[in-house]
Trainee: 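Take this structure first; my questions come after.
Small disclaimer: the values here were computed from a predicted structure and weren't measured. We count residues from 1, following the sequence as given.
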Amino acid sequence: MDKKVIKGVFADGDMLKEAVQELNEKGITIRNVYSPFPIHGIDKLLGIKPTRLSIAAFIYGATGTSMALLMMWFMMVSDWPMNIGGKPNFTLLQNLPAFIPITFEITVLFAAHGMVITFLLVSKILPGATAYVSHPRVTDDKLVIEVEMNQSDSHEQAAQIMKLHGAEEVLA
């Protein structure tokens, strides 16, 4: 089936939320909502699951910590061992203050770079990609609901609901 997209342009976030709520109640599929600023509570109305980025950040940080400890062990035990006063080459508990800054910095480095790369991949804004702009003023001061309609559905109902809740314009 061929799908048609209808866009409702709003000026107020509360009116947009009311329109989303009524569209959901009528069983109309909302493709996405675009806004130049966050609208609190819209993710719950759209059924968007909570993000798992904190798990990714923890994994990147743990990888950084492991790499820092592996790097220091390699340098002090395998690559260039030194006998300093008969002490062991790599003891975390005895020389802990010396290892903390390096471990912390590499943990932060891995977590920050990993999160930037993850953000670019998830958002699909890699170099050379063209951005999708649903309406010319959505990056300035307007909010847009995109409703996906099948050919069999009456798009008049969705347009009427959006106009009822304060849509400035409805684009088919």
Side-chain angles (χ1 to χ4, degrees), residues 1-72 74 99-151 153 155 158-159 161-162 165-172:
M1 280 194 173
D2 195 20
K3 296 191 178 193
K4 185 175 184 177
V5 176
I6 300 170
K7 299 174 188 175
V9 181
F10 291 81
D12 184 36
D14 292 331
M15 292 190 299
L16 178 123
K17 282 172 44 175
E18 291 171 4
V20 167
Q21 193 168 9
E22 189 167 343
L23 287 167
N24 283 337
E25 289 171 2
K26 300 286 184 188
I28 297 171
T29 305
I30 299 171
R31 181 195 277 183
N32 211 341
V33 173
Y34 299 96
S35 171
F37 51 84
I39 303 170
H40 299 289
I42 196 73
D43 49 351
K44 188 174 182 180
L45 289 174
L46 293 173
I48 298 173
K49 297 176 186 174
T51 182
R52 296 182 306 231
L53 285 177
S54 57
I55 297 169
F58 176 77
I59 291 170
Y60 296 137
T63 303
T65 302
S66 302
M67 292 303 291
L69 294 174
L70 179 67
M71 176 190 73
M72 289 184 288
F74 175 75
F99 295 127
I100 288 175
I102 297 167
T103 306
F104 174 75
E105 292 298 331
I106 293 179
T107 300
V108 171
L109 178 81
F110 271 63
H113 282 79
M115 291 306 294
V116 167
I117 292 167
T118 301
F119 173 74
L120 292 174
L121 291 173
V122 168
S123 299
K124 298 176 185 158
I125 54 174
L126 298 170
T130 57
Y132 171 72
V133 179
S134 62
H135 189 270
R137 291 188 58 193
V138 77
T139 58
D140 186 23
D141 62 346
K142 299 297 178 195
L143 301 99
V144 176
I145 298 177
E146 280 190 358
V147 176
E148 194 172 273
M149 306 293 288
N150 293 330
Q151 285 289 21
D153 295 337
H155 66 276
I161 290 170
M162 287 190 267
H165 288 286
E168 293 178 355
E169 58 182 307
V170 177
L171 309 167

Trainee: Considering only NZ, NE, NH1 and NH2 on the basic side and carboxylate oxygens on the acidic side, decide whether E168 and K142 come within less than 4.0 Å.
Mentor: yes

Trainee: Taking all non-hydrogen atoms of both residues, which atom of R137 and which atom of D141 are closest, and how far apart?
Mentor: NH2-OD2, 2.7 Å

Trainee: Which pair of heavy atoms, one from V170 and one from A159, lies closest together, and at what distance?
Mentor: CG1-CB, 3.8 Å

Trainee: Of all the heavy-atom pairs spanning Y132 and K7, show the shortest one and how long it is.
Mentor: OH-NZ, 3.6 Å

Trainee: Using the side chain to side chain contact (heavy atoms under 4.5 Å, CB included) rule, pick out the option among T29, V147, L45 that qualifies with L23.
Mentor: V147

Trainee: Atom CG in L46, atom CD in Q21: separation rounded to 0.5 Å?
Mentor: 11.5 Å

Trainee: Hey, could you give me the CG/OG1 distance between L70 and T63, rounded to the nearest 0.5 Å?
Mentor: 12.0 Å

Trainee: A side-chain contact here means heavy atoms from C-beta on lying under 4.5 Å apart; do L143 and D12 qualify?
Mentor: no

Trainee: Hey, could you give me the CG/CD1 distance between L69 and I106, rounded to the nearest 0.5 Å?
Mentor: 9.0 Å

Trainee: Using 0.5 Å steps for rounding, measure from the CZ atom of R31 to the CD atom of E146.
Mentor: 5.0 Å

Trainee: Can you confirm whether L53 sits close enough to F119 that some side-chain heavy atom of one is under 4.5 Å from a side-chain heavy atom of the other?
Mentor: no

Trainee: Just by modelled atom types, is the I125 backbone N or O under 3.5 Å from a matching donor or acceptor in the S123 side chain?
Mentor: no

Trainee: Just how far is it from atom CD1 of I30 to atom CD1 of I6, taken to the nearest 0.5 Å?
Mentor: 12.0 Å

Trainee: Considering non-hydrogen atoms only, spot the tightest contact between A111 and A57 and give its length.
Mentor: CB-O, 4.2 Å

Trainee: I need the minimum non-hydrogen distance between H165 and F10, along with the two atoms involved.
Mentor: O-CE2, 3.6 Å

Trainee: Please list all pairs meeting side chain to side chain donor-acceptor pair (under 3.5 Å) that have one or both residues in residues 43-62, counting only residues at least two apart or in different chains.
Mentor: Y60-T118

Trainee: Is V33 close to V144 at the side-chain level, that is, under 4.5 Å between some pair of heavy atoms?
Mentor: no

Trainee: Nearest 0.5 Å, what's the CD1-CD1 distance between I145 and I28?
Mentor: 10.5 Å

Trainee: I'd like to check F99 versus M72 (side-chain heavy atoms, cut-off strictly below 4.5 Å). Are they in contact?
Mentor: yes

Trainee: What closest approach, in Å, do I39 and G13 show between heavy atoms, and which atom pair accounts for it?
Mentor: CG2-O, 4.3 Å

Trainee: Is it the case that over 12 heavy atoms from other parts of the model lie below 6.0 angstrom from the CE atom of M67?
Mentor: no

Trainee: Do T65 and T103 have side-chain N/O donor and acceptor atoms under 3.5 Å apart?
Mentor: no

